[in-house]
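The structure appears right after this line, and notes come after that.
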There are 2 protein chains.
Amino acid sequence: MSKRPVNVGEWPEPVPAGPAARLRRELARGTTELAVLSVLASQRRYGYELMKRLGQAGGGVLEIKEGTLYPLLHRLEDAGLITAAWEAEGRSRPRKYYSITPEGRAHLAVLRAEWAALVEAMGHLLDEEPT
Amino acid sequence: MSKRPVNVGEWPEPVPAGPAARLRRELARGTTELAVLSVLASQRRYGYELMKRLGQAGGGVLEIKEGTLYPLLHRLEDAGLITAAWEAEGRSRPRKYYSITPEGRAHLAVLRAEWAALVEAMGHLLDEEPT
DNA sequence: ACCTAATACCTCGGGCAACAAGGTAAATGT
DNA sequence: ACATTTACCTTGTTGCCCGAGGTATTAGGT
């Protein structure tokens, strides 16, 4: 497509690429680390795979861009929360697989708890004033 | 003195001001706008009141600092989502009350929906991998 | 065989929310 | 009386995320 599909008429349903995108980005901010670690907790993945996977989950709310993902992975690696390993798999272009470390799991647990607390607090707040 | 009380020995109990604070801040990012609008939806409040109120809710997860709140209120006002009015109330130092506008309510509805979607998506993701 | 798209990795610059730190002044508490 | 809390504000810094760009391999279409 080169120019972007864009959905000339309207959005069929997912894809709120308007001003709502700013909102979404701000809201979802900080959750990417949790999302990434959470996915890596069940099994190792390579970067691109991770990106696609999160992009599909939940109607795109968790979408993460390359310019966000790769720096994030490097930060996590530097922090010792994940480890990286190039894997050839019989292809000339190897993939870089990331695995979570024990420290990463501990960190994930904290993040999950923090997230749960936030969701609960916001839930109470929002329930106070119905729709 | 004058330097800040600071709790010379240690924290009495709430206040995870360690490295966990960074986490919390990043996670909660973007939720402040939602939180503020949500509170104002039920009734008008002045800035300081808003700050204290959010600070107590949910064990401090929604805590918001002055340096964050006031600029936020001004942004929301500029955007026409809230309106401000100085009210004397018989005191020489008047308070600045903020009220939500119809546009603000519409915006709040979008934010709420976006938040709900995020929470649901993260919920699914986290459930895939138990603790 | 050619060419386009998708895959797969990366980096640099800018935008922006949140904070830290600082300031002013009135109200309240001790 | 003095200190603390209330109540408003601004400026500078930090750090996540993204846009835009770059490279190279692999798959698909004609």
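Quick note on labels: first sequence line is chain A, next is B, and so on, each numbered from 1.
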Requested in this report: Spell out protein contact along nucleotides 11-18 of chain C as letters: B when the base is contacted, S when just the sugar-phosphate is, - when no protein heavy atom is under 4.0 Å; keep the 5' to 3' order.
Outcome: B---BBBS

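Residue Glu77(A) contributes atom CD, which lies 12 Å from atom P of dC9(C) at whole-angstrom precision. With rounding to whole Å, Glu49(B) atom CD is found 15 Å from dT5(D) atom C1'. Distance, Gln56(B) CD to dT6(D) P: 10 Å, rounded to whole Å. Between the P atom of dC17(D) and the CG atom of Leu73(A) lies a distance of 11 Å, rounded to the nearest Å. Taking atom CG on Leu62(B) and atom P on dC19(C), their separation rounds to 11 Å, with Å as the unit. What separates CE of Met51(A) from C1' of dC17(D) is a distance of 15 Å, to the nearest Å. If you measure from atom CG of Leu69(A) to atom P of dA20(D), you get 19 Å, rounded to the nearest angstrom. Between the CG atom of Leu27(A) and the P atom of dC18(D) there is a distance of 13 Å, given to the nearest Å.
In this structure the side chain of Leu125(A) never reaches within 4.5 angstrom of the side chain of Leu34(B), judged on heavy atoms. Glu114(B) has its side chain within reach of Val61(A): a pair of non-hydrogen atoms, C-beta onward, lies under 4.5 Å apart. Contact of the Thr101(B) side chain with the Arg105(B) side chain is not registered, since no non-hydrogen atoms from C-beta on lie closer than 4.5 Å. For the pair Ile100(B) and Leu81(B), the minimum side-chain heavy-atom distance is 4.5 Å or more.
Side-chain contact annotation: His124(B) with Glu120(B), donor-acceptor N/O pair under 3.5 Å present. With 3.5 Å as the limit, one finds a donor-acceptor pair spanning the side chains of Tyr97(B) and Glu89(B). When only modelled atom types and interatomic distance are considered, His107(B) and Glu103(B) share no side-chain donor-acceptor pair under 3.5 Å.
Set against dC8(D), dT7(C), dC10(C), the side chain of Arg95(B) has dC8(D) as its closest nucleotide.
For the pair Glu49(A) (side chain) and Tyr46(A) (backbone), a donor-acceptor distance under 3.5 Å is present.
At the phosphate of dC8(D), neither OP1 nor OP2 sits under 4.0 Å from any side-chain N or O atom of Tyr48(B). OP1 or OP2 of dC8(D) has not a single side-chain nitrogen or oxygen of Tyr46(B) nearer than 4.0 Å. Under 4.0 angstrom from either OP1 or OP2 of dA6(C) there lies no side-chain N or O belonging to Lys52(A).
The list of ring pair (Phe, Tyr, Trp, His ring centres under 6.0 Å) pairs with a residue in residues 54-83 of chain B, not counting sequence neighbours, is empty.
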What does the list of N/O pairs under 3.5 Å between the protein and nucleotides 24-28 of chain C look like, with a distance for each?
| unit_1 | atom_1 | unit_2 | atom_2 | d |
| --- | --- | --- | --- | --- |
| dA26(C) | O3' | Ser92(B) | OG | 3.1 |
| dA27(C) | OP1 | Ser92(B) | N | 3.0 |
| dA27(C) | OP1 | Ser92(B) | OG | 2.8 |
| dA27(C) | OP1 | Arg93(B) | N | 3.4 |
| dA27(C) | OP2 | Ser92(B) | OG | 3.2 |

Can you name the atoms? Protein N/O to nucleotides 1-3 of chain D N/O, anything below 3.5 Å, with the distance.
none

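Ion pairing between Glu63(B) and Lys65(B) holds under the 4.0 Å rule for side-chain N and carboxylate O. Using a 4.0 Å cut-off between charged nitrogen and carboxylate oxygen, Arg22(B) and Glu33(A) count as a salt-bridge pair. Salt-bridge annotation for Glu87(B) and Arg95(B): absent, with no side-chain N of the basic residue lying under 4.0 Å from a carboxylate O of the acidic one.
Residues that satisfy the side chain to side chain donor-acceptor pair (under 3.5 Å) test with Glu66(B), not counting sequence neighbours, are absent from this structure.
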Report task. Take Thr83(B) and Tyr98(B) through the side chain to side chain contact (heavy atoms under 4.5 Å, CB included) test and state the conclusion after the steps. Result -> CA-CA 6 Å; Thr83(B) 54; Tyr98(B) 290 95; over 6 Å; no

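Each end of the helix from dA1(C)-dT30(D) to dT30(C)-dA1(D) yields a helix axis from five base pairs, and these two axes differ in direction by 30° (to the nearest 10 degrees).
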